[in-house]
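Worth knowing before you read on, the calculation uses all heavy atoms, side chains too, and leaves out hydrogens, waters and symmetry mates. Quantities reported herein were computed from a predicted structural model and do not represent experimental measurements. Protein chains get the first letters and strands the later ones, always in sequence-line order, with residue 1 at the start of each.
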Amino acid sequence: MRRQVPLILCFVFGVVMMLTQFSPHSFSQGIYEEVLSWALIISPFMLVLGTVTLIQTHVARIRRRTEHWQYSFIIFAGILLMVVIGIPFGPQHPIFVWLFNNVQVPMDATMFSLLAFFIASAAYRAFRARTFEASLLLVTALIVMLGNVPIGDLFWNTVLSGLPWDNGLSDTKQWILDNPNLSARRGIILGVSLGAISQSIRILLGIERSYLGGGD
Amino acid sequence: MLEKLMDIDRRIIFILVVLAVIIPTLLPINLPISVSAPTRQLHDYINALPAGSTIMLAFDYGPASLAELNPMAKALLKQCFDKDVRVIGITLAPEGTAMGSTLIQEIADETGAIDGEDYVFLGYRPGEELVILGMGSDIASVFETDYNGKPLADIPMMTNVTNYDQISLLIDLASGSSTEIWITYANVRYNLQIAAGVTGVIISQMYPYLQTGQLIGLISGIAGAAEYETLLDAPAKGILWINIESFVHLLIAGLVVIGNIAFFVQRRKEE
């Protein structure tokens, strides 16, 4: 019964919501609006669920003394601090805004900025033209990388000024994005969409039950 | 020598990256910027909007991506306020609230735009797809108040705006998959015109939607922000940072070429 009720709810709501997409009748649209309102009310509980799961995970880490377990206390301190200020005073309170602008923004930006160093180092070590495919990837990457910044065209238009066309690097980059890239992306989108449709049908019919948790 | 070159200490590469960032920052370098077609399309679309039109600007990114997306947000807001196009700011990312409200306020102060008349910031609601679908029926059913807690009914510019029918364009500033969600739910179901400003790493994902016309324009990373500032003739951080990025790209390209030359010479020696 614990599994049958969610499966029935999933099937009924899934089919009803699917049918509302095909009927502009006011009754059908009324159901759509109503279910949407319910869903909007339920969706904030995802945040609660996420927070509870995060706390459970880190409590377990501390209990088991897994590697770097001490850092879990920093997570709790961060959550507690933001909640203590954010909930009673709101997200526009000067201390909340100060913490965001002076703690979260620099930390996030720093984490992302580090990528530039690692990418430079990794590109130097790993980007080798060992095979035909690797060479193709390498040449394409260099064209897109240099075609995406103004220095690429400056180089092309000055050093290679004898060539019959201007802005060759950015034009070639644009051609790569417009043609091979677009074709490959469209193939991926079609594949993913077909997969999503098939997965949705499996969930509606109760064949795919992993979202219920546990085994089965 | 070659072995040393191929096994160079990564700290030397890190120092080279630091120098490639610091030196162009200190020197007044102005590289010529050519504007790509997708950026120009968005610029021209906003320029063609009649005064008094309303657009929506979604700040769907966090602090990690602000270096790329804040310059384009500022340029877009400046263009809209100068053209008397009203802006509704929202975000599908919780971190986007502080950044979105601060940015709009900053540009409004510069241009003299008035809160509630020329712009409104609605803030964040959880449930991405549901928020998009809900606003298609009635914006007030999702955002009863703006970010400051003022009821939507009391905001002058919202009196004639109930759903996407009164919105001329949505611009999604994104560092993740939010643009695709906007296209799937707002463009396909409600026929809302959509454009995007995205970080460099997701540019390639946007091209199928540009080709189908589901995106009417695209600002691509910091290069796109610099192009937009060039179109507005309002140089700011986008142009400064693309000059810096140029040298970092050049450095990485140079490192890749040097690494491959060393690799080929060594392989020939071994043969």
Side-chain angles (χ1 to χ4, degrees), chain A residues 21 29 32-33 36-37 39-40 42-47 90-92 96-97 100-101 104-109 111-113 116-121 123-125 127-130 138 141-142 144-146 148-155 157 167 170 174 177-178 181-182 184-186 188-189, chain B residues 8 10 13-14 16-17 21 31-34 36-37 62-67 94-95 97-99 101-102 123 125-127 130-131 133-134 137 141-142 147-149 200 203-205 207-208 211 220-221 223 226 242-243 245-253 255-260 263-264:
Chain A
Q21 304 299 309
Q29 289 310 302
Y32 168 79
E33 304 279 346
L36 199 60
S37 300
L40 274 164
I42 294 167
S43 58
F45 288 96
M46 290 188 299
L47 293 178
Q92 286 165 296
F96 192 90
V97 173
F100 180 81
N101 287 334
Q104 191 174 350
V105 169
M107 284 198 307
D108 269 11
M111 287 298 291
F112 205 67
S113 304
F117 296 93
F118 294 127
I119 285 173
S121 173
Y124 181 71
R125 286 164 207 288
F127 229 166
R128 299 276 188 262
R130 291 176 206 275
L138 193 146
L142 286 178
V144 173
M145 200 161 63
L146 291 175
N148 211 34
V149 286
I151 208 164
D153 275 337
L154 184 73
F155 173 80
N157 295 337
N167 300 335
S170 59
Q174 200 60 44
L177 286 171
D178 281 337
N181 161 68
L182 189 148
R185 289 295 317 174
R186 180 148 295 150
I188 292 168
I189 291 170
Chain B
I8 194 168
R10 66 178 179 170
I13 295 173
F14 292 169
L16 290 174
V17 174
V21 171
L31 297 168
I33 292 165
S34 55
S36 64
S65 309
L66 65 81
E95 318 93 283
T97 48
M99 289 191 306
S101 63
T102 311
R125 291 285 181 278
L130 299 166
V131 171
L133 287 171
S137 303
S141 72
V142 184
Y147 189 54
N148 299 318
I203 295 168
S204 63
Q205 295 175 31
Y207 272 76
Q211 197 252 346
S220 306
I242 194 62
N243 287 331
E245 194 174 298
S246 284
F247 287 92
V248 179
H249 280 214
L250 198 64
L251 171 70
I252 294 175
L255 286 172
V256 170
V257 171
I258 291 168
N260 274 280
F263 168 70
F264 278 113

For B:I252 and A:I119, which heavy atoms make the closest approach, and how far apart are they?
CD1-CG2, 4.4 Å
For B:S36, enumerate each residue passing the side-chain contact (heavy atoms from CB on, under 4.5 Å) test, keeping only those at least two apart in sequence or located in another chain.
A:Q174, B:P38, B:T39, B:E227
A:R125 side chain to B:I8 main-chain N or O, any donor-acceptor pair under 3.5 Å?
yes
If one checks every heavy atom of A:L138 against chain B at 4.5 Å, the contacting part turns out to be side chain
Heavy-atom contact with chain B under 4.5 Å, split by part of A:S170
side chain
Ignoring hydrogens and geometry, is there a side-chain-to-backbone donor-acceptor pair from A:R186 to B:P208 under 3.5 Å?
yes
Look up atom CG in B:L133 and atom CG in A:L36, then write down how far apart they are to the nearest 0.5 Å.
5.5 Å
From CA spacing to verdict: side chain to side chain contact (heavy atoms under 4.5 Å, CB included), A:F117, B:I13:
CA-CA 8 Å; A:F117 296 93; B:I13 295 173; over 6 Å; no
Toward chain B, the part of A:L154 with a non-hydrogen atom under 4.5 Å
side chain
Grab the two heavy atoms, one from A:M46 and one from B:G127, that are nearest each other, plus how far apart they are.
CE-CA, 4.1 Å
Which of A:N101, A:V97, A:D153, A:I189 touches chain B most, by non-hydrogen pairs under 4.5 Å:
A:I189
For the candidates B:S220, B:A253, B:S204, which exhibits the highest count of non-hydrogen atom pairs separated by less than 4.5 Å from chain A?
B:S204
Using every non-hydrogen atom in the two residues, find where A:A129 and B:F263 come nearest and quote the distance to one decimal.
O-CE2, 4.2 Å
Flag, side chain of B:H249 to backbone of A:L146, donor-acceptor distance under 3.5 Å
no
So which heavy atom on B:A223 is nearest to which on A:N148, and how close?
CB-O, 3.3 Å
In terms of heavy-atom proximity below 4.5 Å to chain B, should A:F155 be classed as side chain, backbone, both, or neither?
neither
Who passes ring pair (Phe, Tyr, Trp, His ring centres under 6.0 Å) against A:F127, sequence neighbours left out?
none
So which of B:M99, B:E95, B:E245, B:Q205 has the biggest tally of heavy-atom pairs under 4.5 Å with chain A?
B:Q205
Best-contacting candidate, A:N167, A:V144, A:D178, A:D108, against chain B by heavy atom pairs under 4.5 angstrom
A:D108
Closest non-hydrogen atom pair between A:N181 and B:Y207, with its separation:
ND2-CB, 3.7 Å
Quick one: closest heavy-atom pair of A:F112 and B:A64, and the distance?
CD2-O, 3.2 Å
CZ of A:R128 to CZ of B:F264: how many Å apart, nearest 0.5 Å?
9.5 Å
Tell me, out of A:M107, A:E33, A:R130, A:Q29, who's got the most heavy-atom pairs with chain B below 4.5 Å.
A:R130
Check whether A:M111 gets within reach of chain B through its side chain, its backbone, both or neither, counting any heavy atom under 4.5 Å.
neither
Would you compute the distance between atom CG of B:L16 and atom OH of A:Y124 and round it to the nearest 0.5 angstrom?
10.0 Å
I'd like to know which of B:I33, B:V21, B:N148 tops the heavy-atom pair count under 4.5 Å against chain A.
B:N148
What part of B:L66 gets within 4.5 angstrom of chain A, counting heavy atoms only: side chain, backbone, both, or neither?
side chain
Comparing A:S37, A:A39, A:P106 against chain B, the one with the most heavy-atom pairs below 4.5 Å turns out to be A:A39
Sort A:L142 into side chain, backbone, both or neither according to what part of it lies under 4.5 angstrom from a heavy atom of chain B.
side chain
Of all of B:G259, B:S246, B:A67, which one pairs up most often with chain A through heavy atoms under 4.5 Å apart?
B:S246
Quick one: which of A:P150, A:G152, A:S43 has the most heavy-atom pairs under 4.5 Å with chain B, could you say?
A:P150
